[in-house]
Amino acid sequence: MGIGPPVTALYVAEVSPAYVRESPHWLFKRGRGADAEAEFEKLLGGPYVKSAMAKLSKSQRGDEADTVKLSELFYGRHRKVVFMGSSLFALQQLSGINAVFYFSSTVFKSAGVPSESANICVGIANLLGSLFALVSMDKLGRKALLIASFSGMAVAMTIQATSASSLVSGSSVIYLSVGGMLLFVLTFAMGAGPVPGLLLSEMFPSRARPKAMSVCMAVHWMINSLVGLLFLRLLELLGPLVLNTIFATFCLLAVIFVKKNVLETKGKSLQDIEIALLPPV
C-alpha cells in the first residue's frame with residue numbers, strides 16, 4: 001500500500017456532489033489529456049497529478065474495449081468475480097434480513113409493543129449499525145466487517161430460534177425474540193448491509209462493472225422476492241424454530257464464504273485489485 005491520493009480519485013468528480021465537474025477519467029477517454037490533468041490538479045493538488053495520470057493511462061490501456069459481452073461474465077475471465085458478487089448478495093438475502101424487516105411488526109405486536117414503537121426501535125438499531133459501518137469501513141476493512149457482521153447475525157438468529165424452542169417459556173420468550181431481532185438488524189447494518197455494494201464496485205474492472213453489477217443486483221432482488229413471498233408459508237410449514245435455524249445456518253455459511261473467497265480491498269488501488277482477482281489476458 002503506497003502513499004498517495006485515495007483509490008477513488010479517478011472517479012471522485014463523478015460521485016461527489018461537492019464537485020460539479022467533468023471527471024478526469026471521462027476527459028482522458030475522449031483524448032482531452034490536458035483537461036484531465038487540470039482537473040486532477042484542482043481535485044488532488046499538483047504533487048499527485050503525475051501519479052494519477054499514470055494510473056489513469058494504465059487503466060485506460062486495459063479498458064480499450066468499452067463493454068464486455070454478457071457471456072464473458074459467466075464463462076470468461078470475469079466469472080470468478082461475478083460468482084463472488086452474486087453469492088455474496090444471495091447469502092445476504094438468505095440470512096433472513098428482509099423477513100425480519102417485513103414481518104418485525106408481527107413479533108413486536110405479540111410482545112405488546114405498538115407498531116410505531118416497533119418501527120422506531122428497528123430504525124434506531126439500523127441507524128446505529130450504519131453509523132458504526134461508516135466510521136469503521138476504512139479502519140477495520142471490508143472483509144473484517146463482513147465476517148463480524150454475519151457472525152453477529154448468526155448469533156442473533158440463534159437467539160430467535162431459541163426463543164421458539166421448548167427451552168424457554170413465559171416472558172423470556174418475548175425478551176429473546178425481540179432482543180434477537182434488534183441485534184440481528186444492528187449487526188446486519190454494521191457490515192452485511194452496506195459492505196457488499198461498495199466491495200463489488202471496487203472488485204469489478206471498469207469495463208465490466210455495469211453489466212456485472214446488474215447481474216449481481218438481479219440475483220439480489222430475485223432472492224429478496226423469494227424470501228418475501230415464501231417466508232409466511234415456510235413459517236407455517238416449518239415453524240419459527242426450524243426456519244430461524246435455517247437462516248442462522250446461511251449466516252454461518254456466509255462467514256465461511258467470506259473467509260475463503262472475498263478479497264480485502266482496504267488500502268488497495270483498483271489496479272491492484274484487478275490483478276489479484278482476474279487471470280491475465
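Numbering of residues begins at 1 and proceeds along the displayed sequence.
Using a distance-only test at 3.5 Å, with no hydrogens or angles considered, no donor-acceptor pair links the side chain of Ser86 to the main chain of Phe83. Looking only at distances, no side-chain donor or acceptor of Asn126 sits under 3.5 Å from a matching main-chain atom of Val122. Side-chain atoms of Lys143 never come within 3.5 Å of backbone atoms of Leu263 as a donor-acceptor pair (strictly under, hydrogens ignored). A distance-only check finds a donor-acceptor pair linking the side chain of Ser201 to the backbone of Leu198 [under 3.5 Å]. When atom types are taken as modelled, the side chain of Ser95 and the backbone of Gln92 share a donor-acceptor pair closer than 3.5 angstrom. Remark: the backbone N or O of Ala192 is paired with a side-chain donor or acceptor of Ser149 at under 3.5 angstrom.
Distance check: Met217 CE to Asn224 CG gives 9.5 Å after rounding to the nearest 0.5 Å.
Contacts classified as salt bridge (charged side-chain N to carboxylate O under 4.0 Å, His left out) and involving residues 122-140 (residues at least two apart or in different chains) are given here: Asp138-Arg142.
A pairwise comparison of heavy atoms in Phe132 and Leu140 identifies CZ-CD1, 4.2 Å as the closest pair. Taking both residues in full, the closest heavy atoms of Asn244 and Met157 are given as O-CG, 3.0 Å, listed atom of the first, atom of the second, then distance. Nearest heavy-atom pair, Leu176 versus Ser163, reported as atom, atom and distance to 0.1 Å: CB-CB, 3.6 Å. Heavy atoms only, all atoms of each residue included: Phe184 and Gln160 are closest at CB-NE2, 4.1 Å.
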Going through the distances and angles, do Leu146 and Leu88 end up as a side-chain contact (heavy atoms from CB on, under 4.5 Å)? CA-CA 10 Å; Leu146 280 176; Leu88 195 56; 4.2 Å; yes
Start with the C-alpha distance between Ile223 and Val219, add both sets of side-chain angles, then the distance that settles side-chain contact (heavy atoms from CB on, under 4.5 Å), and finish with yes or no. CA-CA 6 Å; Ile223 303 297; Val219 172; 4.3 Å; yes
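Residues meeting the ring pair (Phe, Tyr, Trp, His ring centres under 6.0 Å) test with Phe231, sequence neighbours left out: Phe103. Applying the side chain to side chain donor-acceptor pair (under 3.5 Å) criterion to Asn261, with sequence neighbours excluded, gives no partner residue.
Taken together through direct or relayed side-chain contacts under 4.5 Å among Ile, Leu, Val, Met, Phe, Trp and Tyr, Phe89 and Leu252 form parts of separate hydrophobic clusters.
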